[in-house]
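The figures here come from the full heavy-atom set of this structure, side chains too, leaving out hydrogens, waters and symmetry mates.
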Amino acid sequence: MSLTDITTRIARATKAHGRANASVRLIAVSKEQPHDRVLPVLHAGHRLFGENRVQEAADKWPDWRAEFGPLDVHLLGPLQSNKARAAMELFQAIHSLDRPKLARSLARLAQELGHCPDLFVQVNTGAEPQKAGILPDDADSFIADCRALDLPVLGLMCIPPVNDDPAPHFDALAQMAARNGLDALSMGMSDDFEVAIAHGATHVRVGSAIFGARR
Ligand SMILES: *Cc1c(COP(=O)(O)O)cnc(C)c1O
């Protein structure tokens, strides 16, 4: 697989499901990938990437921004409150807003810094004990609380349980977004991004299918 294979498949799935052209953004998930795999994707002109950890992103993206110009980098992994300031300075979006304490930290920092990345509320659609994300039953009230804090919540994000059919999880997330008036849906990874597009994904997060297996 390669970047162009994936963009072709995204375009095909977008069309097949009657979605508007360019309604799905590809986040190339570069976490844990060696630089010599990421550079060709930058040289090919791709400008939207995903990372899981603040420190790892801080180690590479400032240099690449200096070299390539403006780049959108989204945080996909869990965020500790004590790293929230660094995250707000590095990322254009955070997909892992998953608890009240983090919402309060982000709101306080947004006041102080005068800006805030786009936010996605992560929902633990499978209610897995080990997984991050707000539980589905708590999502509506959490979204309302985030809005009351003036946080720019753009949409919802989920990571379905590995052994489940992802379709019902994507469908549940889409319904939750619709009833809360949210437009963006961050869902779908290397193995299931076409299913996610069928269910309304606006942001697919594809790593290994573009860059190869992580070491
Ligand atoms: C690693 C990761 C991805 C990309 O996974 P692939 O299977 O390599 O496409 C997407 N989303 C999140 C939250 C991740 O942690």
Side-chain angles (χ1 to χ4, degrees), residues 1 5-19 23-33 48-53 74-80 93-100 102-103 118-143 146 153-215:
M1 282 291 141
D5 293 328
I6 300 303
T7 53
T8 303
R9 285 172 60 188
I10 290 171
R12 205 182 292 144
T14 304
K15 191 161 181 227
H17 297 287
R19 310 265 318 270
S23 58
V24 181
R25 299 187 70 198
L26 170 61
I27 302 173
V29 183
S30 48
K31 67 175 184 205
E32 297 165 40
Q33 294 287 356
L48 173 57
F49 294 85
E51 289 286 340
N52 262 32
R53 300 170 65 91
H74 290 192
L75 180 67
L76 311 177
L79 178 58
Q80 295 166 263
I94 294 171
H95 292 235
S96 50
L97 172 53
D98 63 352
R99 59 194 192 280
L102 180 59
D118 291 333
L119 299 175
F120 291 76
V121 168
Q122 181 175 353
V123 183
N124 185 355
T125 56
E128 296 173 278
Q130 82 288 3
K131 196 168 270 177
I134 199 96
L135 290 170
D137 285 348
D138 300 334
D140 293 354
S141 70
F142 182 60
I143 292 162
C146 291
V153 179
L154 203 71
L156 304 180
M157 179 272 227
C158 76
I159 309 170
V162 273
N163 295 317
D164 276 18
D165 174 3
H169 295 275
F170 295 154
D171 196 43
L173 199 72
Q175 287 182 29
M176 208 176 282
R179 73 170 177 259
N180 285 285
L182 293 169
D183 296 326
L185 285 169
S186 166
M187 57 191 198
M189 312 187 357
S190 289
D191 291 334
D192 55 19
F193 66 88
E194 284 144 322
V195 181
I197 290 169
H199 289 271
T202 59
H203 294 67
V204 294
R205 312 179 307 263
V206 180
S208 46
I210 295 173
F211 298 108
R214 286 178 289 277
R215 288 157 189 174

*To the nearest 0.5 Å, tell me how far Leu97 CG sits from Gln122 CD.*
9.5 Å

*Where do Leu185 and Gly200 come nearest, in terms of heavy atoms and distance?*
CD1-O, 3.4 Å

*asked:* Please check: side-chain N/O of Asp164 versus main-chain N/O of Pro166, any donor-acceptor pairing under 3.5 Å?
replied: no

*Go through the structure and list residues passing side chain to side chain donor-acceptor pair (under 3.5 Å) with Glu51, not counting sequence neighbours.*
Ser30, Lys60, Trp61

*Euclidean distance, Ile134 CD1 relative to Leu102 CG, rounded to 0.5 Å*: 10.5 Å

*asked:* The criterion is side chain to side chain donor-acceptor pair (under 3.5 Å); which residues satisfy it with His203, sequence neighbours excluded?
replied: none

*Does Arg25 use its side chain to pair, donor to acceptor, with the backbone of Val204 at less than 3.5 Å?*
no

*Should Thr14 and His17 be marked as a side chain to side chain contact (heavy atoms under 4.5 Å, CB included) after you check the CA-CA gap, both sets of side-chain angles, and the distance that decides it?*
CA-CA 6 Å; Thr14 304; His17 297 287; over 6 Å; no

_Chi angles and distances behind the side-chain hydrogen bond (donor to acceptor under 3.5 Å, both in side chains) call for Ser208, Arg214_ = CA-CA 7 Å; Ser208 46; Arg214 286 178 289 277; 4.7 Å; no

_Within the structure provided, determine whether Met176 and Asp140 are in side-chain contact (heavy-atom separation under 4.5 Å)._
yes

*Any chance CG of Asp191 has more than 12 other-residue heavy atoms, nucleotides or ligands included, within less than 6.0 Å?*
no

*Hey, are the side chains of Ile27 and His95 touching, using non-hydrogen atoms and a 4.5 Å cut-off?*
yes

*State the CE-OG1 distance between Met157 and Thr125, to the nearest 0.5 angstrom.*
10.5 Å

*asked:* Is there a side chain to side chain contact (heavy atoms under 4.5 Å, CB included) between His74 and Leu76? Walk through the geometry before answering.
replied: CA-CA 6 Å; His74 290 192; Leu76 311 177; 4.3 Å; yes

*May I ask you to decide if Leu156's main-chain N or O and Ser186's side chain share a donor-acceptor pair within less than 3.5 Å?*
no

*Run the side chain to side chain contact (heavy atoms under 4.5 Å, CB included) check on His169 and Met187 step by step: do they pass?*
CA-CA 9 Å; His169 295 275; Met187 57 191 198; over 6 Å; no

*Find the distance between CG (Asp118) and CD1 (Ile94) and round it off to the nearest 0.5 Å.*
10.0 Å

*Considering all heavy atoms of both residues, which atom of Lys131 and which atom of Asn124 are nearest to each other, and what is their separation?*
O-ND2, 3.2 Å

*May I ask you to test the Lys15-Arg12 pair for a side-chain heavy-atom distance under 4.5 Å?*
no

*Are the side chains of Cys146 and Leu119 in touch, meaning some heavy atoms are under 4.5 Å apart?*
no

*When you look at Leu154 and Phe120, which way does the side chain to side chain contact (heavy atoms under 4.5 Å, CB included) test go after all the steps?*
CA-CA 6 Å; Leu154 203 71; Phe120 291 76; 3.9 Å; yes

*Answer whether the closest heavy-atom distance between the side chains of Leu182 and Val121 falls below 4.5 Å.*
no

*Measuring from Asp137:CG to Phe142:CZ, what's the distance to the nearest 0.5 Å?*
15.0 Å

*Donor-acceptor under 3.5 Å (Asp138 side chain, Leu135 main chain)*: no

*Could you pull out the closest heavy-atom pair between His199 and Ala167, with the gap in Å?*
NE2-CB, 3.7 Å

*Donor-acceptor contact below 3.5 Å, side chain Arg19 vs main chain Ala201*: yes

*Could you check if a side-chain atom of Val29 sits within less than 4.5 angstrom of a side-chain atom of Val206, using non-hydrogen atoms only?*
no

*asked:* Donor-acceptor check, side chain of Ser190 to backbone of Ala209, threshold 3.5 angstrom: yes or no?
replied: yes

*Evaluate whether atom CZ of Arg53 has more than 12 neighbouring non-hydrogen atoms of other residues, nucleotides or ligands under 6.0 angstrom away.*
no

*If you measure from CD1 on Ile10 to CZ on Phe193, what distance do you get to the nearest 0.5 Å?*
5.5 Å

*Can you check whether Gly212's main-chain N or O pairs, donor with acceptor, with Gln33's side chain at less than 3.5 Å?*
yes

